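Treat the numbers as computed from the prediction; the structure is a model and nothing was measured.
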Amino acid sequence: MKVGKATNLFGSFFFLVCLSIEFSLVVRGQNRTTIPVNVGVVLDDLDSPDTKVWLSCINLGLSDFYTSRGSSTTRLALSIRDSREDVVDAAAAALDLIKNDQVQAILGPKSSMQANFVIELGDKAQVPIISFSATSPSLTSIRSSYFFRAAQNDSSQVKAISAVVQAFGWREAVPIYIDNEYGQGVIPYLVDALQEVQAQVPYRSAIPPEATDDQLVAELYKLMTMQTRVFIVHMLPSLGSRLFAKAQEMDMMDGDYVWIMASGMTNHLTTMNASVINSLQGALGVRTYVPQTKELVNFRARWKRQFQKDNPTIIDTELDVPALWAYDAAFAFAMAVENVGTKNFGFEKANASTNSSTFLEYFGVSQNGPELCQSMSSTNFRGLSGDFSFVDGQLQNSIFELVNVIGNAAKTIGFWKPQSGLEKKLNLTNTNGPYSTSKSNLAPILWPGDSPSVPKGWEIPTNGKRLRVGVPVIDGFAEFVKVVPGPRANTTKVFGFCIDVFNAAMAGLPYAVTYDFIPFAKPDGTSAGSYDDLVQQVFLGNFDALAADTTIRVNRSLYVDFTLPYTEAGVVMVVPMKDGKNKSAWIFLKPLTWDLWLTSLCFFVFIGFVVWVLEHRINEEFRGPPSHQIGTSFWFSFSTMVFAQREKVVSNLARFVVIVWVFVVLILTQSYTASLTSLLTVKQLQPTFSDLSDLIKNKEYIGYFEGSYVGELLIQRGVDPNKLRPYKSSDECHEFLTNGSANGGIAAAIDETPSMKLFLAKYCSKYTMIGPIFKTDGFGFVFPKGSPLVPDVSRAILNVTEGDAMKEIENKWFVGDATCSDTKPTISDSNSLGLDSFWGLFLIAGVSSSLSLIIFAASFCYRHWHMFMTTGASAWKRIKVMLRIFDQKDLSSHNFRKTGSQDGKYMYNAGSIATSVEASPNNNSTRPPSPPSPESIGHSNLSSEKKEYYRLLLVKNIQKCEEVMKELKNTIN
């Protein structure tokens, strides 16, 4: 009980202490003095809903800051001025705030034009100017340390816009912008960004700020007459909403058009009414990315309650991005002032000299301006719009959200980051990934006119203009392009190979294109210039395209665009042909090259040597005096060429070698015969010149087509200009080539491959084509630089060249007479047969012969190894013994055994013993039995006749062995 009472008493005491501490804090807070800091606000039309939204966000930003910082010692006091949407009024309001209210900073003004002069005032008075709606890049050039842009610079979004243009492959885009400092400031950055992705800006549509509806309609009609259908709109919602309304009335919001809104409009989509949103259906937009945090959701709910309470007559108003920037700007400046501390926030008179302007003396200079700027520059916090910090006075948030207006809202289709480009889902952790401009990183888009198909970005103009297609007027090679007078006055007809290809390509486009062929001619019908002059007309805009045999060249591509080539590439040389048949007495040597002749000779000698080695010990035909043996070996080897060898080959190894060699000789002789026959019977047509350097060295005249770039190209390659003769037609070229250089003609004609093929189709039996001697890209059609027709026409050309249409066109214009193609001589290639065609055969013959030699040598050494190992003799004497043994007959050979048996039979047939042995019924072999040892003869049970036979045979063998040993002894000694 005592313990419980003590506890209750302690609790009551603690409660009283806490209550007293809280009461003292409240009293101290009520007694604390705060320093008021005057801050000016300059905005347009204070009664407009947008301005009221921004002012409410500024007040809530200050309220939230001081609520979260209960111990703060400063309070911002707002002085609000109305600029009445006028630059002079904005400047007057800023002057009034600085002079009379001595404000320490100014929030605003709204527009970039107003901010330009206000920033100058702030810089002079050292008063920070904090704008949350002036986004023009031109303000950055002022380089004032007292200007803070609490909004994104318009130039930061141009990369996001160009990424979208590149993702869908659009080649042209037209910016539509308000013609003032706000609109003009971003255009140079936008044009540069588009050019980096190979997109051109053919036109810039500047709309006056006070444009009437009639002016808007007139400008939109002008855009309809152009090919480009990609428009980038950069203007404020007040003018932009009127522009889109008129575009919708003129059916320019259908599937053929692409509309991309810059952030100046897209950041305000949430505040636009339903009628404006309805006119934006299918448009794309780039707006500042604002993270949807829990703090933002709570703030939106609090703001809406407070705004409806303060402005009950304004209904369904939403926050836009500048409103969030206004909140963060007020919060940031309150933080900066608090960080500076409790000081005297006043002004002092400037020390102005008599020569200086009395402007500073009029209102003085802020005492704390530099400190406030430094504190503002170091401010860094997480605001409603995202991370809030300044670098050189610029807000550093640069992530953009890509939206597609569908229905009553804007659907997010992706994001853009400076580090990684387009992303379908925002990944804030990926800062080093590859930069992407792929449309696969965007969600599906519903384009204007509720079309899911991506517009191609351009159309044929709707003003009924037909393309003016220029064609050359030339005398020669009319098969390419020919212009003839039409049936009516002042009309012409154009036809030819190039015209047919152009018509086929244009007919293959997925859309209709109307055009007229316009001859490039003088009033008298003659040519108005060269091909370079004709290309220049496209560059100058006199022609919309060029259909001719125009070569794709680098210098021309600097001013115009070429399609893909539709003919073969290269510059070739055409020269007369001559009979190159060789009438030399040594022509029989030409079928084979010298290395093949030498190799064949070596192998004949080698094969003869191999056969002699293999046959010497066992074949009487390869024995005898050395001269006889050498002659026999060579005779045997070389006689295989005509298969006339008469010596018999008894060794199996030699037979194997001879079989392989005869096969080789058979192929060699047949090939030689065929080549020699061709040389003696076929007409050998060869060009008179085969290289340009030969023409230059011999100072021959060279022809080229008049007006072609080939003449200039030849001069660049070292040809004397005095040795060039232009021709105007294929007939004149033929006449020049027939006459030759010595008779006022030319030795060779040089032109592009299609032209020379056309020439040879007419004169096929007299000339031949060499080359290409120079590389070119072939013929292509010409369009103005950046023309959107080029990629589509190039794809159509591929379809024509890869299909049957090109074959039909070529057969129509280029195929010569049938008799010409039948009688056209064939230029025969009379190169001699070389070793590279037969080295496999020689390899087989060499390997088989070498293998046979190795087998023979191994067998011979094995049989006579005991003689080589005789003791007491030097190595050289042992080798001599082996050589002497090799030089003797191999009596164990079946060839010599057969001869020995015949001799023995003759000897024993002279006596009765031999007769008895031959007639003995017990003798089952035709060979005489091997002689037994002398001891076995005496103790055997043989008959007396057989004993006598063996005795005589043994005596004979002993005598033979004694002769051999005697010879060996003489050799060793």
Side-chain angles (χ1 to χ4, degrees), residues 580-582 584-619 621-624 626-682 684 828-862 882-883 886-887:
K581 184 184 292 186
N582 196 336
S584 172
W586 303 97
I587 192 174
F588 67 90
L589 296 176
K590 192 174 181 181
L592 305 182
T593 58
W594 67 268
D595 54 346
L596 184 55
W597 279 115
L598 183 60
T599 303
S600 302
L601 178 63
C602 294
F603 262 83
F604 274 113
V605 176
F606 175 67
I607 295 299
F609 169 75
V610 171
V611 173
W612 174 80
V613 170
L614 299 177
E615 293 289 315
H616 176 66
R617 301 192 72 230
I618 60 176
N619 194 338
E621 294 184 353
F622 289 89
R623 298 185 63 81
S627 59
H628 174 75
Q629 296 183 42
I630 295 174
T632 301
S633 300
F634 285 166
W635 162 256
F636 178 85
S637 179
F638 282 96
S639 61
T640 56
M641 286 193 298
V642 292
F643 309 104
Q645 65 277 12
R646 57 181 179 82
E647 291 78 11
K648 294 183 179 180
V649 179
V650 298
S651 170
N652 288 331
L653 292 176
R655 290 171 178 173
F656 171 70
V657 171
V658 171
I659 290 174
V660 174
W661 177 243
V662 168
F663 174 73
V664 174
V665 170
L666 175 65
I667 296 178
L668 275 175
T669 54
Q670 295 297 325
S671 301
Y672 173 85
T673 303
S675 180
L676 182 60
T677 302
S678 175
L679 289 173
L680 295 176
T681 59
V682 177
Q684 305 295 317
S828 177
D829 186 5
S830 58
N831 290 335
S832 303
L833 300 175
L835 181 61
D836 53 347
S837 302
F838 299 96
W839 69 268
L841 291 173
F842 288 114
L843 178 64
I844 295 174
V847 170
S848 60
S849 302
S850 302
L851 185 62
S852 299
L853 280 178
I854 293 172
I855 295 174
F856 172 79
S859 176
F860 176 78
C861 293
Y862 177 77
M882 297 297 287
L883 293 176
F886 170 77
D887 188 50

Checklist entry - Do Trp594 and Leu589 pass the side-chain contact (heavy atoms from CB on, under 4.5 Å) test, and can you show the C-alpha distance, the side-chain angles, and the key distance before you say yes or no? => result CA-CA 9 Å; Trp594 67 268; Leu589 296 176; over 6 Å; no
Item to check | Over all atoms of both residues, closest heavy-atom pair of Glu615 and Ala654 | outcome: OE2-CB, 3.3 Å
Return a table of donor-acceptor pairs under 3.5 angstrom between the side chains of residues 605-612 and protein atoms on other chains or two or more places apart.
from   : atom 1 : to     : atom 2 : distance (Å)
Trp612 : NE1    : Gln629 : OE1    : 2.7

Next on the checklist: With a 4.5 Å cut-off on side-chain heavy atoms, are Val657 and Leu653 touching?
Outcome noted: no
Item to check | Separation between CD1 of Ile855 and CG of Asn652, rounded to the nearest 0.5 Å | outcome: 11.0 Å
Checklist entry - Mind checking whether Phe604 and Trp661 have parallel, tilted or perpendicular rings, split at 30° and 60°? => result perpendicular
Checklist outcome for this item: In this structure, CG of Leu835 is separated from CZ of Phe842 (nearest 0.5 Å) by 6.5 Å
Next on the checklist: Within this structure, what is the OG-CG distance for the pair Ser671 and Leu833, rounded to the nearest 0.5 Å?
Outcome noted: 6.0 Å
Checklist entry - Quick one: are Ser600 and Phe838 in side-chain contact, heavy atoms under 4.5 Å? => result no
Next on the checklist: Would Val664 and Ile844 count as a side-chain contact (heavy atoms from CB on, under 4.5 Å) here? Give the steps.
Outcome noted: CA-CA 9 Å; Val664 174; Ile844 295 174; 5.8 Å; no
Checklist entry - Quick one: are Leu596 and Tyr672 in side-chain contact, heavy atoms under 4.5 Å? => result no
Checklist entry - How many angstroms lie between atom CG of Leu598 and atom CG of Leu592, to the nearest 0.5 angstrom? => result 12.0 Å
Item to check | Smallest separation among heavy atoms of Ser848 and Val660, with atom names | outcome: OG-CG1, 3.6 Å
Checklist entry - Does a sphere of radius 6.0 Å around CH2 in Trp597 hold more than 12 heavy atoms from other residues, nucleotides or ligands, not counting ones at 6.0 Å or beyond? => result yes
